[in-house]
Amino acid sequence: MCGIVGYIGSKKATPVLINALKKLEYRGYDSAGIAVFDGEDIVVRKVKGALKALEERISKEVINGSLGIGHTRWATHGEPSDVNAHPHTNLSGTIAVVHNGIIENYAKLKAWLQGEGVVFRSETDTEVIAHLINYYYEMDGDIFHSVIEATHRLEGSYALGVICSDYPDRLIAARKESPLIVGLGKGENFIASDVPAVLEYTRDVYFLDQKEIAVLYSDHVDLFDEDGNKVIKQPYHVDWDLSSAEKNGYAHFMLKEIHEQPKALTDTMRPRLVYENKKPVDINFDELTVAEHFKNAKRIVITACGTAYHAGVVAAYAFEKFARIPVVVTVASEFRYMNPILDKDDIFIVISQSGETADTLAAMRLAKEAGIHVIAITNCVGSTVSREANDVIYTWAGPEIAVASTKAYTTQLMCLYLLALKCAFLREKFSRAEYTRLLSELEQIPSKVQEILDDKTGIQKFVSKNFNKEKVFFIGRQFDSATSLECALKLKEVSYMHSEAFAAGELKHGPIALVDKNTLVVAIATDPKLYEKIASNIVEVRTRGATTFVITQDKDGAFAQAADEIVSIPHTESAFASMLSIIPAQLFAYYCAIHRGTDPDKPRNLAKSVTVE
Ligand code: F6R
């Protein structure tokens, strides 16, 4: 994620920038920085740590100037450090840039710029942008054209704020995919990643559209399309209060994060797909030093806790199905006391959103002591897991504020599916044609998640009638039994309803004794080969009085008669459906919490990061 801000006007820029950044700290908090034009030069101050560290750093100096940009960082490329903090500048320090997003082709651009003699100072993708703008600026001396030329070469997502000491009368902003707004004041104007940053100063904003560019002066703002043609549009008057603005208008962070999944999944997936003629043809994990190891490994060992463990259980099905490689998945709190049997030919994967979970760390250290190469999947750059693992795959989901994990889970799944497919291809388990077919299917997952999010009425209606059930059981087979685990956890965490997950075939071996008219049974059914089996399970529980709810790709088939309510998810390869079927279950959990009056963002007794055993 990351938050960016910018100011041009007659006030001192520094306090305005700091104030605005405070409202964006939820977007990133591992480092922060500002760049202010002081009348002669651009003064850059940036430090590792929360915004407070930056405030302390600048408290003893006066930075004059009424033009500036600022940034609060959630690291994606390069660990949190002073040097990796934004703003980044060209070598002479005359152009400064803040960025939110991921530049997918940064490695290529960096190599090319290095060939042109540029010396890079940070590990970030953002520094490329500063040098790229400079490259064009040296050719024609026009900062606006240089920003346009540079953005034409960027692949991926960006929201940018740019200042140049030769143009002290303007601030340039541009966006593609990452959010960016322009705040319209009287004799002053602002940019920000999100509305809360400017609410203290103005309620009139432009929401920049895809690839739009804004040039801000003190007294007016000009908008342009990606080719520099003028765009005219009406400002929007914001009438939300500050707390709902922080959540982008959503009532809770959990709901906001559920809705961020299409973007988060795209950010996780796309930089790792290799395209030819706009079609994905391969997967490239630049970050893996042992990609070839996947070819000959004898076994995959996965360990994690909670939701991350559930991602591991889904992954076991994926690796075994696609790559035909055995997988062992163990919760980290068990693994650490197991005296585990490990082999140097194992691939060892730990999964942790926070990268700080005590049990996961202990399990990882055990594997490292045994001389095993550890691959970590985590969302937090600079976390302990990321520092201690041999290779790190980042989920790039952005900060997850709600305690109950949603977007971190689905992006973990995406990383694991990418790994499983790559592994299968290296092991020659399918043809190139099948590989590219699967990649094209995978590529559509984010838009299919969006389709589910676009129509929530069925789920909301069903919840309004069933939020008082005494017990809720989630059932499924194969991949769907793995998904059921996460569905049940989400519901119990945020609504405090008693929920359990069972492999559907296990029902009659015991749990069915619990089924009565106060029971809701939610079946996940995404594999056509198993529809009839699940339909029979539904009939079994229904005849014992249970209410039934089915999440499936087969709305009109096997379940039409058997279920009380069906939520259909878009068609996809059934092995990928775990990334879709969890979405209605997340929404179900969220709306149950709302109806029952619990706080979905801060469930009782739970912490976001479990750093003690
Ligand atoms: C559930 C949840 C927890 C975490 C678990 C591991 O919504 O968030 O179950 O998944 O505590 O945390 P990380 O992934 O940070 O290691």
Side-chain angles (χ1 to χ4, degrees), residues 30 74 252-258 260-261 264 268 302-315 329-336 348-365 367 374-389 392-416 474 482-497 499 501 582-583 585-590 592-593 598-613:
D30 62 47
W74 176 260
H252 294 95
F253 280 110
M254 181 181 178
L255 191 60
K256 174 173 177 271
E257 286 159 9
I258 289 173
E260 281 170 357
Q261 288 176 109
T268 305
I302 302 178
T303 186
C305 298
T307 289
Y309 164 73
H310 296 158
V313 181
V314 175
V329 196
T330 314
V331 284
S333 53
E334 285 297 300
F335 185 91
R336 64 184 294 186
F348 190 89
I349 302 177
V350 289
I351 311 166
S352 174
Q353 187 285 131
S354 63
E356 301 295 348
T357 302
D359 286 322
T360 308
L361 280 169
M364 178 177 84
R365 286 170 185 155
V374 172
I375 299 171
I377 296 179
T378 182
N379 195 31
C380 294
V381 179
S383 59
T384 311
V385 162
S386 78
R387 282 182 276 114
E388 293 189 17
V392 187
I393 297 173
Y394 290 111
T395 41
W396 293 330
E400 199 177 54
I401 309 289
V403 166
S405 193
T406 53
K407 62 177 181 170
Y409 172 71
T410 44
T411 53
Q412 285 161 359
L413 287 185
M414 181 56 87
C415 289
L416 289 157
F474 289 87
T483 307
S484 301
L485 297 171
E486 176 58 10
C487 299
L489 180 67
K490 221 67 320 165
L491 184 63
K492 66 175 75 132
E493 277 181 301
V494 300
S495 74
Y496 317 148
M497 290 166 88
S499 55
I582 187 62
I583 310 293
Q586 292 170 344
L587 291 166
F588 179 79
Y590 173 78
C592 281
T598 57
D599 180 350
D601 284 347
K602 292 193 189 97
R604 68 184 179 205
N605 307 337
L606 296 178
K608 185 69 188 156
S609 182
V610 186
T611 53
V612 290
E613 195 179 343

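Numbers here simply count residues along the sequence, with the first being 1. Order of appearance sets the numbers: ligands from 1, and atoms from 1 within every ligand.
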Checklist outcome for this item: Residues Glu400 and Ser405: closest non-hydrogen pair is OE1-OG, 3.0 Å
Checklist entry - Do you know which two heavy atoms are closest between Gly312 and Leu416, and how far apart they sit? => result N-CD1, 4.4 Å
Checklist entry - What protein heavy atom is closest to atom 14 (O) of ligand 1, reported as residue, atom name and distance in Å? => result Gln353 N, 2.6 Å
Checklist entry - Do the side chains of Thr378 and Tyr394 get nearer than 4.5 Å, heavy atoms only? => result yes
Checklist entry - For atom 4 (C) of ligand 1, what's the nearest protein heavy atom and its distance? => result Thr307 N, 4.0 Å
Next on the checklist: Has Asn379 got a side-chain atom pairing as donor or acceptor with Ala397's backbone, closer than 3.5 angstrom?
Outcome noted: yes
Checklist outcome for this item: Taking only non-hydrogen atoms of Ser405 and a 4.0 Å limit, the atoms of ligand 1 in range are 7 (O), 8 (O)
Checklist entry - Just wondering, do Thr268 and Cys415 contact through their side chains at under 4.5 Å, heavy atoms? => result yes
Item to check | Shortest protein heavy-atom distance from atom 5 (C) of ligand 1, along with the residue and atom involved | outcome: Cys305 O, 3.6 Å
Checklist outcome for this item: Residue, atom and distance of the protein heavy atom nearest atom 15 (O) of ligand 1 read Ser354 OG, 2.6 Å
Next on the checklist: Using modelled atom types and a 3.5 Å cut-off, is there a donor and acceptor pairing between side-chain atoms of Tyr590 and backbone atoms of Ile258?
Outcome noted: no
Next on the checklist: Check this for me - ligand 1, Gln412, N or O atoms closer than 3.5 angstrom, yes or no?
Outcome noted: no
Checklist entry - Below 3.5 angstrom, do we get any N/O pair linking Thr360 and ligand 1? => result no
Item to check | Element-labelled atoms of ligand 1 that are located less than 4.0 Å from some non-hydrogen atom of Ala308 | outcome: 10 (O), 14 (O)
Checklist entry - Using a heavy-atom cut-off of under 4.0 Å, does the side chain or the backbone of Lys490 touch ligand 1, or both, or neither? => result side chain
Next on the checklist: If I take atom OG1 from residue Thr410 and atom CD from residue Glu486, how far apart are they, to the nearest 0.5 angstrom?
Outcome noted: 9.5 Å
Item to check | Side chain proximity check, Phe348 to Thr303, heavy atoms < 4.5 angstrom | outcome: yes
Item to check | Element-labelled atoms of ligand 1 that are located less than 4.0 Å from some non-hydrogen atom of Ala404 | outcome: 7 (O)
Item to check | Heavy-atom nearest neighbour in the protein, as seen from atom 1 (C) of ligand 1, with distance rounded to 0.1 Å | outcome: Glu493 OE2, 2.8 Å
Checklist entry - In the protein, what heavy atom is nearest to atom 13 (P) of ligand 1, and what distance, to one decimal place, separates them? => result Thr357 OG1, 3.2 Å
Checklist entry - Can you check whether Tyr409 reaches Val314 side chain to side chain, under 4.5 Å on heavy atoms? => result yes
Checklist entry - At a 4.0 Å cut-off, with the gap strictly under it, does some heavy atom of Val403 reach an atom of ligand 1? => result yes
Checklist entry - Which protein non-hydrogen atom lies closest to atom 11 (O) of ligand 1, naming both residue and atom, and how far is it? => result Val610 CG2, 4.0 Å
